[in-house]
Amino acid sequence: MQKPVVTRFAPSPTGMLHIGGVRTALFCWLYARRHNGTFILRVEDTDLTRSTDDNIRIIEEGMDWVGLDWDEGPVPGDPNAFRGPHGPYRQMLRMDLYRAKIAELLDKGLAYRCECSREDLDARRKQADAEGRPFMYDGRCRDKHLDPSTPCAIRLRMPDEGEIVLEDLVKGRIAVPASSLDDWIIARQDGTPTYNFCVVVDDVDMGVTHVVRGDDHVANTPKQIVLYRALGYDLPAFAHVPMILGKDKQKLSKRHGAASITEFRDEGYLPVAVRLCLAKLGWTPKVDGKAAESVEEELLTDRQLMETFDLGEIQKAAAVFDIDKLKWINQKFIQRLDWTEIAPHLRWQWRMRGLEAAWDATSDDWKALAIGCNKNRATLVEMANTLAFLFTGPEAPAEADVAKFMTPAVRPALREVAALTDYAHDALKADVEAILARHGLKLKDLAQALRLAFTGKLVSPPIFDTMALLGREAVCARLEKWI
RNA sequence: GGCCCGUUAGUCUAGCGGUUAGGACGUCGGCCUCUCACGCCGAAAACAUGGGUUCAAGUCCCGUACGGGUCACCA
């Protein structure tokens, strides 16, 4: 009985995929998944000067990495291939549809040609400014019935009185006086349609039932509502989600650190952590009707998000993005996830360091141990940092560290460690303890000396794990110069 | 400036007329410990403001302040 839910994420391919956009997409995706609906990815590339195919790739890769799969939209890798019944999902390829709709509005007298030139308009705007009154197009061309041969932009005829009401799922009821809206341009002089026109036509054509987008679009919506009606369409539900701010409460941008989704990948965050963090920014999941009241309840699965998500519960106010919270969530996921779920993402870190071949050459058991003994790192960058010495060899140790830990007292013990052959954790532990007892040493002293020999630094995974990862051959090789 | 929106600790938030205003991150203190980290225990920390309405207001209404969005032949 109810129409199946259709949501859409409609970025313009003009640069990186912003984390704010990803959150909007996440909400669209969660809502569609929650209701067994359809999630569409549509490319809004009508800004010819800034849109590129490379940027479309960036969007596809970002969406793919963060795990937001779309049911209809571009086929990744081919900017002109699409899947879904409402294609093409790229606005520049949909011009015929727009032209037909514009013609229809013109025929019905709901839109009209306007011959005012851009220069003329600019001058009038300037004058209005100078006189301190707001500039609005005065509708002077409304009834001129200009001939198609004269160069004209096309404007939508807006109501003169009354108010236009937007029932927004997150903002509530917003009413604006019709008198504050002027007849806006739906097609430029060169015939190309404008953004506000295209979204409406596309959303209707694609059957979008819930328009979820950033709240910077709120002001546009009343205009669009008039267009929906002019075209004889039913209104979709609208949900305007607040934007994400940086620490200084300004719009989140590169100045604040990571703003692009690929930076989060590069900085070692897991997609599942990014998803949870973003979802909880401005929305509080209610499991069994109540918000989280413990650490355990804070850490929800995608499944739980999908089962409880509701557009109506989204916060009205903008929220500051807290990277520390993401870090914490990321750490929790690293602790809880099986190594097989972490490995592919950790591999990206090796790839960035040119060490992927070395990583690939290791066995599954080795990988499981490497990741398993590093479960308390906050990010995969940190994990790779503490593991890198396995592939690259020890760094040159600091003089002070050598003086402090490579003492005459421990050196003989080092020699005995080098002689050990059984690297199974428990055996190694027992053997080392025997060595300690024989020399009257503390594990503390020996471990730091070994770390220094193995890594050149005083930080490594637990020492027995470190030895197991290194293997006897490498252990002996790295110990050699110290004994 | 016009129109619109927002305001609970440093941050994200719970709250939907009666609570010692709850949780999480972060911060600070302590414990644990083979390094880093984890973990555990504890602490400090909030209803922007002024008027109403009401027996009772973080919760409802109005104003003020502050913040934001938008006013293009950009999206």
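The sequence lines fix the lettering, A, B, ..., with proteins before strands; numbering per chain opens at 1.
Phosphate proximity of B:C4 to A:Lys316: absent, as no side-chain N or O sits under 4.0 Å from OP1 or OP2. For B:A14, the OP1/OP2 oxygens have a side-chain nitrogen or oxygen of A:Gln315 closer than 4.0 Å. For B:A72, one of the phosphate oxygens OP1 or OP2 lies less than 4.0 angstrom from a side-chain nitrogen or oxygen of A:Arg125.
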Would you tabulate the side-chain donor-acceptor contacts of residues 389-396 of chain A under 3.5 Å, counting partners in other chains and residues two or more places apart, or write 'none'?
residue, atom, partner, partner atom, Å
A:Thr392, OG1, A:Ala388, O, 3.1

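Partners of A:Glu60 according to the side-chain hydrogen bond (donor to acceptor under 3.5 Å, both in side chains) rule, which considers only residues two or more places apart in sequence or in another chain, are A:Arg57.
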Can you give me the N/O atom pairs linking the protein to nucleotides 22-24 of chain B at distances under 3.5 Å, or say none if there are none?
residue, atom, partner, partner atom, Å
B:G23, O2', A:Ser294, N, 3.4
B:A24, O4', A:Glu298, OE2, 2.9
B:A24, O2', A:Lys325, NZ, 3.3
B:A24, N3, A:Lys325, NZ, 3.0

What nitrogen or oxygen pairs link the protein and nucleotides 60-70 of chain B at under 3.5 Å?
residue, atom, partner, partner atom, Å
B:G68, OP1, A:Gln250, OE1, 3.2

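Counted within 6.0 Å of CD on A:Glu131, heavy atoms from surrounding residues, nucleotides or ligands total more than 12; the atom is thus considered enclosed.
Across all strands shown, B:U11 is found opposite B:A24 as a Watson-Crick or G-U wobble partner, with both distances under 3.5 Å. Within the shown strands, B:G69 is the pairing partner of B:C3 under the Watson-Crick or G-U definition, both distances less than 3.5 Å. Judged by Watson-Crick or G-U wobble contacts below 3.5 Å, the nucleotide B:C40 has B:G30 as its partner. With both pairing distances under 3.5 Å, B:G58 is matched to nothing as a Watson-Crick or G-U wobble pair. Searching all strands for a Watson-Crick or G-U wobble partner of B:G63 with both distances below 3.5 Å returns B:U49.
Non-hydrogen atoms lying under 4.0 Å from RNA chain B are contributed by A:Leu458, A:Val459, A:Ser460, A:Pro461, A:Pro462, A:Ile463, all within residues 457-467 of chain A. Sorted by residue number, the members of residues 276-290 of chain A with any non-hydrogen atom under 4.0 Å from RNA chain B read A:Lys280, A:Leu281, A:Gly282, A:Thr284, A:Lys286.
Ion pairing of A:Arg90 with A:Asp53 is present here, as a side-chain N (NZ or NE/NH1/NH2) and a carboxylate O approach within less than 4.0 Å.
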